[in-house]
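Beneath this line is the structure, given in structure tokens, with notes to follow.
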Amino acid sequence: MNIILLGPPGAGKGTQAKNLELSKGLVHLSTGDMLRTAAKNKTPCGLEAKKLMDRGELVSDFVVMEIVSERLDEKDARGGFILDGVPRNVVQAHMLDDALAEKGLAIDCVVEIVADDEALVERIGGRFACASCGKGYHKEFKTPKVEGVCDKCGGTEFSVRADDTPDTVRNRLGVYHKKTEPLVHYYEKQGILKKVDGMADINTVASQIESAIEGCDK
Ligand code: AP5
Ligand code: MG
Ligand code: ZN
């Protein structure tokens with residue numbers, strides 16, 4: 001099954017994609033993570049992307065869609081994937097449809113995680129991740145089992161994202177409403193859109209998403 005998780009910054013796309021990766025054996029493809037890796041490796045594309053990401057602006061459609069298209073050609077993606085952070089505007093949605101059609105693939109289900117802007121600014125303020133393995137946490141809603149120690153790798157260094165300052169988060173929310181939200185209508189018209197309540201707790205959202213996906217399967 002091929003899924004898109006749609007939703008504003010902090011809605012829980014990454015958190016829920018990791019759940020689905022474990023529960024459904026799907027591959028999690030996050031364009032944000034791919035771009036952050038490219039920036040960390042200081043590739044020309046990565047350095048260019050970082051300037052835009054740090055301001056909360058979108059990176060070029062062509063750069064992003066080329067990365068996604070290449071990643072979809074890898075063998076593991078053929079068993080089903082979750083797109084997190086892409087498409088981000090109507091142009092990318094068309095480019096994705098074309099790329100998938102060329103590969104003989106299609107999207108089966110789009111899940112919109114609906115959440116409230118003000119709560120998201122606060123929620124993102126509590127996010128941090130393991131500096132070694134990247135596992136994501138939250139100060140209040142998803143803490144490591146042992147304080148200061150990563151559950152996954154035992155690492156003790158943590159980091160916060162450069163684009164998680166309140167001003168940048170507000171800009172990212174503005175960009176979401178202007179450019180990404182029109183995709184709700186785009187996928188509604190295709191009859192593959194489901195909505196879940198992103199303000200519920202993490203486990204409740206996970207069960208809502210599982211039911212939504214079952215609904216798409218029918
Ligand atoms: P990207 O990395 O995609 O960021 P985003 O869309 O802004 O979303 P986030 O990763 O901030 O939030 P999330 O929904 O994954 O939430 P999370 O699960 O972490 O993109 C970053 C930048 O890259 C963009 O601004 C752009 O510049 C560029 N980019 C990426 N893709 C692009 C594209 N296609 N085209 C052009 N540019 C692109 O959860 C947030 C926190 O809340 C965590 O701490 C988590 O533990 C906690 N949490 C999660 N769910 C809940 C819950 N239900 N209750 C309480 N806490 C929760
Ligand atoms: Mg994310
Ligand atoms: Zn770790």
Side-chain angles (χ1 to χ4, degrees), residues 4-20 28-39 45-46 48-68 82-89 91-93 95-96 111-116 119-144 148-164 168-176 179-180 183 196-209:
I4 294 174
L5 288 185
L6 198 62
K13 302 181 294 295
T15 304
Q16 298 300 336
K18 285 277 168 263
N19 271 338
L20 287 174
H28 173 201
L29 304 183
S30 154
T31 42
D33 288 349
M34 292 176 202
L35 293 168
R36 279 184 288 277
T37 303
C45 254
E48 198 48 46
K50 184 165 169 38
K51 285 187 219 155
L52 292 158
M53 292 169 81
D54 285 354
R55 297 204 306 266
E57 299 296 332
L58 296 185
V59 175
S60 136
D61 297 334
F62 293 96
V63 168
V64 171
M65 294 315 296
E66 192 157 312
I67 299 176
V68 171
I82 311 146
L83 294 179
D84 157 10
V86 67
R88 209 89 175 188
N89 56 31
V91 171
Q92 290 187 14
M95 289 171 86
L96 178 68
V111 181
E112 183 198 3
I113 309 179
V114 181
D116 172 71
L120 293 179
V121 178
E122 245 178 77
R123 195 191 274 179
I124 288 180
R127 170 166 59 188
F128 63 99
C130 171
S132 314
C133 74
K135 186 173 168 61
Y137 296 98
H138 191 279
K139 270 189 221 162
E140 199 180 328
F141 307 119
K142 194 180 167 203
T143 52
V149 183
C150 174
D151 297 345
K152 191 172 166 191
C153 76
T156 53
E157 301 278 330
F158 296 87
S159 60
V160 295
R161 267 169 50 177
D163 61 345
D164 276 355
T168 307
V169 171
R170 281 182 210 283
N171 192 35
R172 283 157 58 199
L173 283 165
V175 170
Y176 178 80
K179 300 191 172 161
T180 312
L183 293 177
V196 300
D197 173 18
M199 297 316 297
D201 63 67
I202 293 176
N203 292 335
T204 307
V205 180
S207 346
Q208 285 183 22
I209 293 179

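In each ligand, atom 1 is the first atom listed, and ligand 1 is the first ligand listed.
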Exercise for the section: For the residue pair Leu35 and Val59, establish whether any side-chain heavy-atom pair is separated by less than 4.5 Å. Expected result: yes

Practice task
Could you tell me whether the side chain of Lys13 and the main chain of Pro8 form a donor-acceptor pair under 3.5 Å?
Solution key: yes

Exercise for the section: Side-chain contact test, heavy atoms from C-beta onward, threshold under 4.5 Å: evaluate it for Pro144 versus Tyr137 and give yes or no. Expected result: yes

Exercise for the section: Write down the atom of Val175, the atom of Gly56, and the distance for their closest heavy-atom approach. Expected result: CG2-O, 3.6 Å

Handout entry: Nearest-neighbour protein heavy atom for atom 16 (O) of ligand 1, which is reported as residue plus atom name and distance
Key = Gly12 N, 3.3 Å

Problem - Min N/O separation Leu52 to ligand 1 under 3.5 Å - result: no

Practice task
Given salt bridge (Lys or Arg N to Asp or Glu O under 4.0 Å), test Arg127 with Asp164 step by step and report yes or no.
Solution key: CA-CA 8 Å; Arg127 170 166 59 188; Asp164 276 355; 2.9 Å; yes

Practice task
Would you check if Val86 and Met65 make a side-chain contact, meaning some heavy-atom pair closer than 4.5 Å?
Solution key: yes

Practice task
Work out whether the distance between some heavy atom of Ala200 and some atom of ligand 1 is less than 4.0 Å.
Solution key: yes

Handout entry: Heavy atom of Gly10, distance to ligand 1 below 4.0 Å
Key = yes

Handout entry: Val149 backbone acceptor or donor facing Thr156 side chain under 3.5 Å
Key = no

Problem - Gly136 backbone acceptor or donor facing Lys142 side chain under 3.5 Å - result: yes

Practice task
Heavy-atom distances under 4.0 Å are what count here, so tell me which part of Asp163 touches ligand 1: side chain, backbone, both or neither.
Solution key: side chain

Completion exercise
Residue, atom and distance of the protein heavy atom nearest atom 54 (N) of ligand 1 read Arg123 NH2, 3.5 Å

Practice task
State whether Tyr176 and Lys179 meet the cation-pi test: NZ (Lys) or CZ (Arg) under 6.0 Å from the six-membered ring centroid, and within 45° of the perpendicular axis.
Solution key: no

Fill in the blank from the handout: shortest atom 56 (N) of ligand 1-to-protein heavy-atom contact is with Phe141 CD1, 3.2 Å

Practice task
Do me a favour and list the nearest non-hydrogen protein atom to atom 49 (C) of ligand 1 with residue, atom name and distance?
Solution key: Thr15 OG1, 3.5 Å

Practice task
Return yes when Pro8 approaches ligand 1 closer than 4.0 angstrom through a heavy atom, no otherwise.
Solution key: yes

Practice task
Heavy-atom contacts with Gly198 under 4.0 Å: which atoms of ligand 1 show up? List them by number with element.
Solution key: 53 (N)

Fill in the blank from the handout: Nearest non-hydrogen contact to atom 32 (C) of ligand 1 from the set Val68, Val59, Thr31 belongs to Thr31

Problem - Heavy-atom proximity to atom 10 (O) of ligand 1, best of Lys13, Lys50, Arg161, Met199 - result: Arg161

Practice task
Determine yes or no for a side-chain-to-main-chain donor-acceptor pair under 3.5 angstrom, with Arg123 supplying the side chain and Gly10 the backbone.
Solution key: yes

Exercise for the section: Measure across Ser132 and Cys153 and return the closest heavy-atom pair with its distance rounded to 0.1 Å. Expected result: CB-SG, 3.9 Å

Exercise for the section: Please indicate whether Glu122 has more than 12 foreign heavy atoms, meaning atoms of other residues, nucleotides or ligands, lying under 6.0 Å from its CD. Expected result: no

Completion exercise
Note: Gln208 and Ala200 closest approach over all heavy atoms is NE2-CB, 4.3 Å

Exercise for the section: Say whether, by atom type as modelled, one donor and one acceptor occur between the side chain of Asp163 and the main chain of Thr168 under 3.5 angstrom. Expected result: no

Exercise for the section: Report yes if some heavy atom in the side chain of Val121 is under 4.5 Å from a heavy atom in the side chain of Leu173; otherwise report no. Expected result: yes

Exercise for the section: From the options Glu122, Arg88, His138, Glu57, select the one whose nearest heavy atom is closest to atom 41 (C) of ligand 1. Expected result: His138

Practice task
Would you check the N or O atoms of Gly14, main chain and side chain alike, for any that come under 3.5 Å of an N or O of ligand 1?
Solution key: yes

Practice task
At a cut-off of 2.8 Å, list the protein N/O/S atoms near the Zn ion (ligand 3), residue plus atom name.
Solution key: Cys130 SG, Cys133 SG, Cys150 SG, Cys153 SG

Exercise for the section: Take every heavy atom of Gly7, measure it against each atom of ligand 1, and state whether any distance is under 4.0 Å. Expected result: no

Completion exercise
For Asp201, the atoms of ligand 1 under 4.0 Å from one of its heavy atoms are 53 (N)

Exercise for the section: For Gly126 and ligand 1, answer yes if some heavy atom of the residue is under 4.0 Å from a ligand atom, otherwise no. Expected result: no

Fill in the blank from the handout: Looking only at non-hydrogen atoms, the one of Asp84, Ile202, Leu35, Val91 nearest atom 51 (C) of ligand 1 is Ile202

Handout entry: Close approach, Arg36 and ligand 1, non-hydrogen under 4.0 angstrom
Key = yes

Practice task
Answer yes or no: does an N/O atom from Tyr137 fall short of 3.5 Å to an N/O atom of ligand 1?
Solution key: yes

Completion exercise
Heavy atoms of Thr180 and Arg88 approach each other most closely as OG1-O, 2.8 Å

Practice task
May I ask which of Gln92, Met53, Arg127 has a heavy atom nearer to atom 19 (O) of ligand 1 than the others do?
Solution key: Arg127

